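Predicted model only: the values in this text are computed from it and were never measured.
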Amino acid sequence: MSSEVPEPASKVDLAPGIGGGGEIPQFDITLRVRRYDPEFSEEATWEDYALTMYGTDRVLDALHKVKWEIDGSLSFRRSCAHGVCGSDAMRINGRNRLACKTLLKDLDTSKPITVEAIKGLPVEKDLIVDMEPFFQSYREIMPFMITKGHEPAAEHYQSPEDRERYDDTTKCILCAACTSSCPVFWTDGQYFGPAAIVNAHRFIFDSRDEGGDMRLEILNDKEGVWRCRTTFNCTEACPRGIQVTKAISEVKQAILARSV
Amino acid sequence: MSKTSSGTLYRGREGMWSWVGHRVTGVVIFLFLLVHVLDTALVRVSPGAYDAVIGTYKNPLMAVGELGLVAAIVFHAFNGLRLVLVDFWKSGPKYQRQMLWGVLIVWAVVMIGFAIRHLSLAFGGL
């Protein structure tokens, strides 16, 4: 029934030698991973892996290559692999980054690339940490809209200007890159941490929300916003480019404006 | 379960290192004030003892130490103003890096002036 139709020629004219596939540059890297397995040893150790990677590869691809082809026991979290789910925050060359958003070609490939678990949270195995303390702080700031009175009969109105007020802090993916980059959080695990404050900011400055006072009261705690020492590590670490330190400063000012 | 992941030093940028500097100078200034309150309190014990203790400070080592102390205080003071601006000026977080360079420039200018005057007084008379 169906007659053989030849595949139409590409409408895009490419110069000869371009787009032929296999043209992606390759390079050798050394991936230095901080391994930890409590079933074998209480001590974490550095393990080097020599890999040949493509110019389009990310740190996550290198980790996959190790896990799939060299050592299946390597443990790390990842889900979407496209910078949205926030699972693969880790310390790459000493800075918190998402492994799925860090291209190998942007790193110094002449030296070993170090990959470690994020700091300040208990390590469970290799690059996996226990995120519970992080989510505990997140839950404490009540990350949901609070309204008073009867259930509304219509949707809440919000002007584009009011929506814009807290736009930056809606971008959070809860990857913990900010909280685990904070020197205060490393030494004081009770501190709410940048991520919880960012998510409180998202509701405090939402014109529809009526729980702002409660949230400000929670963050006025000894372990709340006043622990922030404005080191800007969080702002620099955020893979979504949220101005974290600025958001924390705005919450500080909101607390001061409220209490006078 | 290991408590926390140690490993490499976190590679923070200007903000983190200015915080480290602020902490270190803060502790140095605190230790100085502790000693300073004690030696000044000696005058209540006996003016002679006070003069004797203050007299031991007049040596080249202490002169260099004083230079270091003033360097710590000047950095702590100007960086403290920067931190106030970061928290209370609307554009503070945006310009924190530029403000740190400003702090370091003002610090250098003040310290050059102070070092010339202080060291010539301390060593010039010898």
Side-chain angles (χ1 to χ4, degrees), chain A residues 32-38 41-46 90-97 114-130 180-187 189 225-226 228-237 243-250 252-253 256, chain B residues 1-33 71-107:
Chain A
R32 182 166 288 173
V33 185
R34 189 141 175 104
R35 303 290 307 268
Y36 169 73
D37 187 346
S41 167
E42 280 298 307
E43 290 290 307
T45 51
W46 290 103
M90 47 190 77
R91 209 153 22 125
I92 297 164
N93 277 353
R95 286 181 174 146
N96 283 0
R97 294 287 181 267
T114 64
V115 179
E116 315 156 68
I118 47 178
K119 214 169 144 82
L121 291 162
V123 182
E124 297 201 319
K125 185 169 187 281
D126 295 340
L127 304 174
I128 298 179
V129 298
D130 177 11
S180 62
S181 76
C182 176
V184 180
F185 183 76
W186 299 334
T187 51
V225 287
W226 308 114
C228 170
R229 293 291 182 272
T230 61
T231 71
F232 289 89
N233 276 12
C234 50
T235 306
E236 200 270 329
Q243 297 301 306
V244 184
T245 313
K246 184 166 187 274
I248 297 174
S249 287
E250 288 174 358
K252 285 176 184 170
Q253 288 180 32
L256 292 176
Chain B
M1 215 159 46
S2 99
K3 295 158 292 297
T4 48
S5 162
S6 46
T8 61
L9 186 68
Y10 194 88
R11 275 177 59 215
R13 298 190 56 179
E14 295 90 339
M16 178 171 127
W17 294 112
S18 72
W19 167 74
V20 171
H22 204 76
R23 260 296 146 90
V24 170
T25 53
V27 170
V28 165
I29 294 164
F30 170 75
L31 292 177
F32 159 74
L33 284 175
I73 291 171
V74 172
F75 174 79
H76 201 84
F78 286 117
N79 193 50
L81 294 176
R82 166 178 166 266
L83 294 179
V84 170
L85 286 173
V86 165
D87 269 339
F88 291 102
W89 176 37
K90 199 166 164 289
S91 307
K94 192 176 165 193
Y95 295 111
Q96 58 99 3
R97 201 164 292 149
Q98 289 87 332
M99 287 197 293
L100 179 63
W101 295 124
V103 164
L104 292 178
I105 290 166
V106 174
W107 177 83

Colleague: Can you see which heavy atom on B:Gly12 is nearest to which on A:Arg95, and at what distance?
Modeller: O-NH2, 4.2 Å
Colleague: Name the option with the most non-hydrogen atom pairs under 4.5 Å to chain B; the candidates are A:Ala237, A:Ser180, A:Ala44, A:Pro183.
Modeller: A:Pro183
Colleague: Please tell me whether B:Gln96 and A:Thr230 have a donor and an acceptor in their side chains that are separated by less than 3.5 angstrom.
Modeller: no
Colleague: Does the side chain of B:Phe88 reach to within under 4.5 Å of the side chain of A:Leu256, using non-hydrogen atoms?
Modeller: yes
Colleague: Is it the case that over 12 heavy atoms from other parts of the model lie below 6.0 angstrom from the CH2 atom of B:Trp107?
Modeller: no
Colleague: With no hydrogens and no angle check, is any side-chain donor or acceptor of A:Arg229 less than 3.5 Å from a backbone partner on B:Arg23?
Modeller: no
Colleague: Once rounded to the nearest 0.5 Å, what's the spacing between atom CE of B:Met16 and atom SG of A:Cys234?
Modeller: 12.5 Å
Colleague: Got a second to check how far B:Asp87's CG is from A:Ile248's CD1, nearest 0.5 Å?
Modeller: 9.5 Å
Colleague: Heavy-atom distance under 4.5 Å to chain A: side chain of B:Leu9, backbone, both or neither?
Modeller: backbone
Colleague: Using atom types as modelled and distance alone, determine if a side-chain donor or acceptor of B:Tyr10 lies under 3.5 Å from a backbone N or O of A:Asn96.
Modeller: yes
Colleague: So how far is it from A:Asn233 CG to B:Arg13 CZ, rounded to the nearest 0.5 Å?
Modeller: 10.5 Å
Colleague: Give the minimum heavy-atom separation between A:Phe232 and B:Val86, together with the two atoms involved.
Modeller: CZ-CG1, 3.7 Å
Colleague: Checking heavy atoms, do the side chain of A:Lys246, its backbone, both or neither come under 4.5 Å from chain B?
Modeller: both
Colleague: Heavy-atom distance under 4.5 Å to chain B: side chain of A:Thr235, backbone, both or neither?
Modeller: neither
Colleague: Below 4.5 Å from any heavy atom of chain A, which atoms of B:Lys90 appear? Answer side chain, backbone, both or neither.
Modeller: backbone
